[in-house]
Structure formats: C-alpha cells, structure tokens
Amino acid sequence: MDAKTYTAQLADLRALREDIKKTQTALVRLQGERARQITALAAYAKAKAERIAPAAGLSLADVVAIAPILAPDRLTTTPGPPAPEAGVWTPAADVPAAAVEEPPGTRGAPAPVLPSRTTAPPAVPTVPASAPATTETDPAPARLGETRTLPSIPEGPVGDSWFTHTANLASTHPNFTQQARSTVFLDTTTGILVHRDHTTRLDLPTASAGEILEAVFRTVPEGVERIYITAGAPWHAQADRHPFLKDAVAAWLNAPIPGWRTDTGRGKDRMAGHFVHARNPVGRYQHVNNEQHVELRSVGEWFDTAGAEPAVVRDAFVLLWKALRSHWPDAVLMGSPSQTGRDLWTRTIPTKGQFADGYPVLSEELRGLLHTTAGQGRTELITPPRVPEQLPGLVEYDRTFAYAKHTWKSGVGTPQRVTAQRFASWSEKEQTKALFGCGHWHIRVTVPSTWNHVGILPAPAPGDRAWHYPSAPGTTFTTWAGGPEVYTALTNPLAAWKIEILDGLLWADGKPLDDWSKKLKEAWAALAAQANLHGDPEQRLAAHLASRAVRALLLYGIGAFAQRPRTVTGTTPRTHERDVPTDAEIIGFDNDTITWQRPTGFTRDPNAHPEWAANIWSGARAALLSQRMREDNTYVGALHAPPGTVVAFRTDAVYLTEPQDWPYHGQPGDYLRKGHLTGPVPAPATEDALLALRDQGRTTQET
C-alpha cells in the first residue's frame, strides 16, 4: 500500500464513521419510540409482558425494565424482613421486598436507622378517584435487566486511606485583582454591534467566525478581547449538513481564518482552545502577527436575552457589575458565570481563623466517588398509568433562586468514615444528628408497602439515564444519597422508608459558602426590585436580565465546585494526522483540519469541592418533595400534593395536575406558580411534549 492509497482509505474510513453516527442517531430515535409504545401498551389492563416482548424483539426482562407494571408474579420474590432489633425502626412484617445482592465492600450487617421523633408535617390528602391506587397486597416489582452498579468504598485500610486531602492543594484567598477585558455585544442576525456607548451596524452575510472577527476589529481598531453574541447563533448555520449539532459547532469554530489561529492560552491557562458546546460554545483565537487574544462567546451562558437589543444586554452587564461592586470592591466580570461566581467566592475565603490557610481539597478517590454517586437536579416525567391519560390540568411551580436556599451549611475539613457497625453503635440522637448533618450515605432502601406517591431517593438507572426514583411498594435498591434526602425519606408525612446504612462520609458542619451566597442574594434582590419598579421598560428588562445573571453566578458557581473530569478539545492539521493523541476521539474533520477530544481526568484545581455541590443538590431535591415555610407554619412540595397529581420534576420545578395553596413571598426557595393550563390536557409522553405544555401554560397564565 502506498501513501496515496493509505490517505484515500483513511478518507473512506472517516466517511464510514459519519454514516455510523447517522445510523446510531436513527437507532436511538427508534428505540425511544419502541419504549413509548411499550409504555402505552402497558396501560391496557390485560397487557402481558410475554406477548409484548416478542413483538418488540426484546427479552421479558427488558420489557419489564421499560414498564415495571408488567412484572409477572413469578419473577417477584417476597422474603420476610429480618427480625427487628430492640429500639430500631423496621417496617411492618408483611412488607414484600425485591431480592438484592449485598453490595461489594460491605462488611457485616447494615445498620438500620431510626426515623426522627421531631414533629411530623401535616398529612397529605387521600388518593383521588382519578389516581391509580396501590394496595398493600400488590406484588413488589422485581429489579430486572441490566442495572448500573455504583462504586463503594473499599474495606479496611485501603478505603480508610481515601479519607484525606490532596497534598498542597487548597482554596485560598487570591492575592491579585482580575483584569477587566474590553467587551462588545453583537447581534449576528441584524449586525448591530455595541461597544461601550457606541452602536454600529456590521455587514455579516455569512456570520462566519472569520467574518465576525474581521468586521469587529475593523470597527473597533483599538482591540477587543471578548465578543458576546446576543442573538443569531451563527455556529448553527450549517447544522443541516451535520448529523449532530456539536459537529456543526466544531466545524464553525475550526474553519480556517486568515491571520488567526486557535488560541493555545497564556500564562497558566495552557488548556485554552475552543470549547465545543451545542448551545453555548466558546471560540478562542489569537492573531498570528501579535499578541491579540479574543473570545467569541454566547450571552446564553448568562441568561436568555428574551429578544433584547444588544444595547439592553450591555446595560444588563453594567447593572450586574455595579450590583456586585457594592459587595466586592474588586469584582470583575469574567467570560462565564461559573468563572465569575467562583472567583467572587475565593474573595470571601477568610484570611484569619480556622481556615486562614484555605479549604483543603479532598483526595482524588473521594472526589471520584462523589462525581459518580452524587447526581444533580431531579428530572423525571411520570406517564400513564401513574397519571391519567387526560390530565385535569397542568400547573407549573418553580422554586425561586432555589440553590441559594441551601448554601447556609456545608461540610468542611476531613470527612470521617461511618461504617455500618459504627453507625449502629450510636444512639438515636447521634444517628439523627448525623443524618441531619453534612453527609453522603451508601444505603439500602426499601419502599414502604403502603406507599402510593412519588419516589424519594435516587437509584442508579439502567441504560442512558443516570438516575431514577423508585416508588413501587416493597421495592428494594442500593444507592448513595445525601443527608437531606435520607432525612426526608425517614420523616416524610406519609410513611417512613426503611433505610439501612452500609457506609458513609460525614463532615463537620461549616459555612464556607454562606457569606458568598448572602452577598449574591442581596445583589439579586436589589436588581429584582429595580426590575419591578423602574419607569423605563428597557431598563426594567436590563435589571431583570442582570438579576438572572446573578442567579447564574450562584448556579454555575456551585456546578464549578463539582469539578467534573475534564475533556479537552483540540485540532490538528490533516497533513499532521499522526499527531492526533492516541487516546483522542475524532469528533469532526474537513479538508484541512481534524477536530478531536480526549478526557484528561481531574486536574489539580484548588477550588474543587464536590462535597459542597453534592450537599446543595441533595438539599434542593429534598425540598422539591417537602419544605417547611417557617413564617407560614406550613409545608410545601410534591409530597404535600395528593398522590397521583405529580406529572414531572425539572430541577427546580414540579408540575401538578391541580393548583396548590402554597404561600409565595418572593424569597429564595419559595414556590412560584409560573404556568397553568386548565384541562383536559393530554399527559405528556416525552420531555419535548412537557416543555411545549409548559410554554403554553406560561403564556395562558400571563394573559
């Protein structure tokens, strides 16, 4: 084989790869449609998995995994629970439980825990006639098919060695001031460019990256370091030519630009380059003849512009900067809300006291464990027969500035390991204190036999979904969960779940985020008030957008603490194909350039604190189910709505079939009714259908 043949066959191989991508996309779509049809068939009273399985070309286990209601009785085991220990809560003796295997790394018997003896919230109304009721005699569904097994902490000294911090790595107060960057705002649809107090219209027939750079630098000759795209999404212009949206974005970012090259970073930022994101990409470029660096970014990272003109978007950033400056005299707006939010947090790190030397970063093993076992927002769509085919209505309740409600307490210092034996040796008071503290628990869970509401605790889900929330009576599963959710499972107003502690991490309570969060909440409140009271409609919109940006600072700042394993995107000329890293995945190519990405694992990030993000996310998920409104002396959340009325969860929002009398004071964490559709409304079967109904409900409520 000569070089010419080799090159030609490589081109054929790439074309084959693109065909495979398209086929895989089509396959995923067809599999989703098959699952939808199986779910619809399962609603038929006489449906049987034995008939549906051959029609679908699936095994019996696969069909039941999609529609658990089809689980046949003979696959369900109902072993009796172990004899209760003296003084330890266990469910009634007739609880059916699906058989589970002992998770790896568990020594001895797990420790059952006690429900809190604090005053319980008020009871929830009984099941309405339209809701599917479940009785105590219903068989428990078996856990069938492939399931994802979560990792556990190794036994003995190996596992104990995880409970430490990374040497010479800690979050400390910065000794420098961020430098502001010259910024412009550009609508690529209209060509309107705003730079400081000047507005110009550019001619952008194709709105390519090269065309934008040339036009902007011709108009602003003194130089620009950041270009925010406020409207137009030019990186999607060739979306119809690519099987995936990210491919179109990568092609747009990597198109050759005479006089410019991909920025490889400056100073310590050696991992620069483009960031390929389907909706909010970042292009980083450097001029070949000088040190001019520039970023192309989407304002969508900060907020939805709601059709605002570039000048209004500029005003929103000015208002945001002023609001932050009232709390941080050295505040500087960086490229993204996650960068800015975390930079502002570092400026609240104490320089005196216990953590004057900074907050140390956990061992890589514990960070990896938290990354794998601590999910983020709850996203769940509940479909018939668990809700009616025709809903009597659809009401959206969204928690205002939700994460800000859960930043008052976080774990600090080196966590202690709490094994099953150690937990069992504690008194009820010590157990309750631990579960109410900052912890992350490896647990075995059994749903009560009388349960008829939504699930409470996340479980590893089969397939592509990371988590689901089992709710069938008697179901037993093993998972990891944060203290707020475990506490909710034990103290909810319906029935205490059976929780067995297998292992856990427990931190000392601290307030590392409290000062940062309070300042952001004050800035948010001031901007929200300005948005409500300003006499100029454009300034009202600018203040509203600025308040949304403050929300993004906290939301994405918390996400940045999680420190996901990093993926680096890079480009290599086609003439140097052998220089593509051997562990890289090629995600796009053209006649001149190969675009690739590769995982790089965890970096030595001094501000990596996944324990804080995990605790906040757990608290937010628990508050979707039950939250006390202290000043009103009442409880709100999904578990305080009648069974059968919950249609969906989406991070900070819950969707119900009927309105609730929940108080709203405009404070972080309060439930705001944002949309309402009166019925009959067809129950959404897909996420897109739910979002369409959501938008319709918001429009209807506004009118």
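Just so it is clear, the structure is predicted and the values come from calculations on it, not from any experiment.
Side chains of P484 and H406 form no contact here, defined as non-hydrogen atoms less than 4.5 Å apart. A heavy-atom distance below 4.5 Å is found between the side chains of L553 and L320. H277 is not listed as a side-chain neighbour of V249, based on a closest heavy-atom distance of 4.5 Å or more. Side-chain contact between S471 and R386 is present, with at least one heavy-atom pair separated by less than 4.5 Å. In this structure, R673 and Y664 have side chains that are not in contact, with every pair of non-hydrogen atoms separated by 4.5 Å or more.
Salt bridge status for R694 with E396: absent, with no side-chain N to carboxylate O gap under 4.0 Å. Taking a cutoff of 4.0 Å between a charged side-chain nitrogen and a carboxylate oxygen, D652 and K674 do not qualify as a salt bridge.
More than 12 heavy atoms of other residues, nucleotides or ligands sit less than 6.0 Å from atom CD of E687.
Between F185 and Y228, the ring-plane angle classifies as parallel under the 30° and 60° cut-offs. The aromatic rings of W524 and F401 are tilted relative to each other, their planes meeting at an angle between 30° and 60°.
A donor-acceptor pair under 3.5 Å is absent between the side-chain atoms of R342 and the main chain of Y556, judged by distance alone. Put simply, the side chain of W235 never gets that close to the backbone of Q238: no donor and acceptor are under 3.5 Å apart. Put simply, the side chain of S618 never gets that close to the backbone of N615: no donor and acceptor are under 3.5 Å apart. Looking only at distances, a side-chain donor or acceptor of D670 sits under 3.5 Å from a matching main-chain atom of H665. Q539 contributes no side-chain N or O that, together with a main-chain N or O of P537, makes up a donor-acceptor pair within less than 3.5 Å.
Legend: residues meeting ring-ring contact (aromatic ring centres under 6.0 Å, His included) with F303, ordered by chain and number and at least two apart, are F317. Residues passing the side chain to side chain donor-acceptor pair (under 3.5 Å) test with T305, sequence neighbours excluded: none. When the side chain to side chain donor-acceptor pair (under 3.5 Å) test is applied to E211, the partners found at least two apart in sequence or on another chain are T206.
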Does the side-chain contact (heavy atoms from CB on, under 4.5 Å) test come out yes or no for V654 and Y671, once each step is laid out?
-> CA-CA 9 Å; V654 59; Y671 278 89; 3.8 Å; yes
R650 vs L690, side-chain contact (heavy atoms from CB on, under 4.5 Å): CA-CA, chis, key distance, verdict | CA-CA 10 Å; R650 277 185 59 80; L690 173 68; 3.8 Å; yes
Run the numbers on I558 and L554 for side-chain contact (heavy atoms from CB on, under 4.5 Å), then give the verdict.
-> CA-CA 6 Å; I558 290 168; L554 186 133; 3.5 Å; yes
Could you go step by step and tell me if W467 and T479 meet the side-chain contact (heavy atoms from CB on, under 4.5 Å) rule?
-> CA-CA 10 Å; W467 305 96; T479 189; 3.9 Å; yes
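Considering W617, Y403, F561 as possible partners of W612, the one that fulfils the ring pair (Phe, Tyr, Trp, His ring centres under 6.0 Å) test is F561. With P684 as the partner, the side chain to side chain contact (heavy atoms under 4.5 Å, CB included) test is satisfied by one option alone out of I382, T383, L391, V387: L391.
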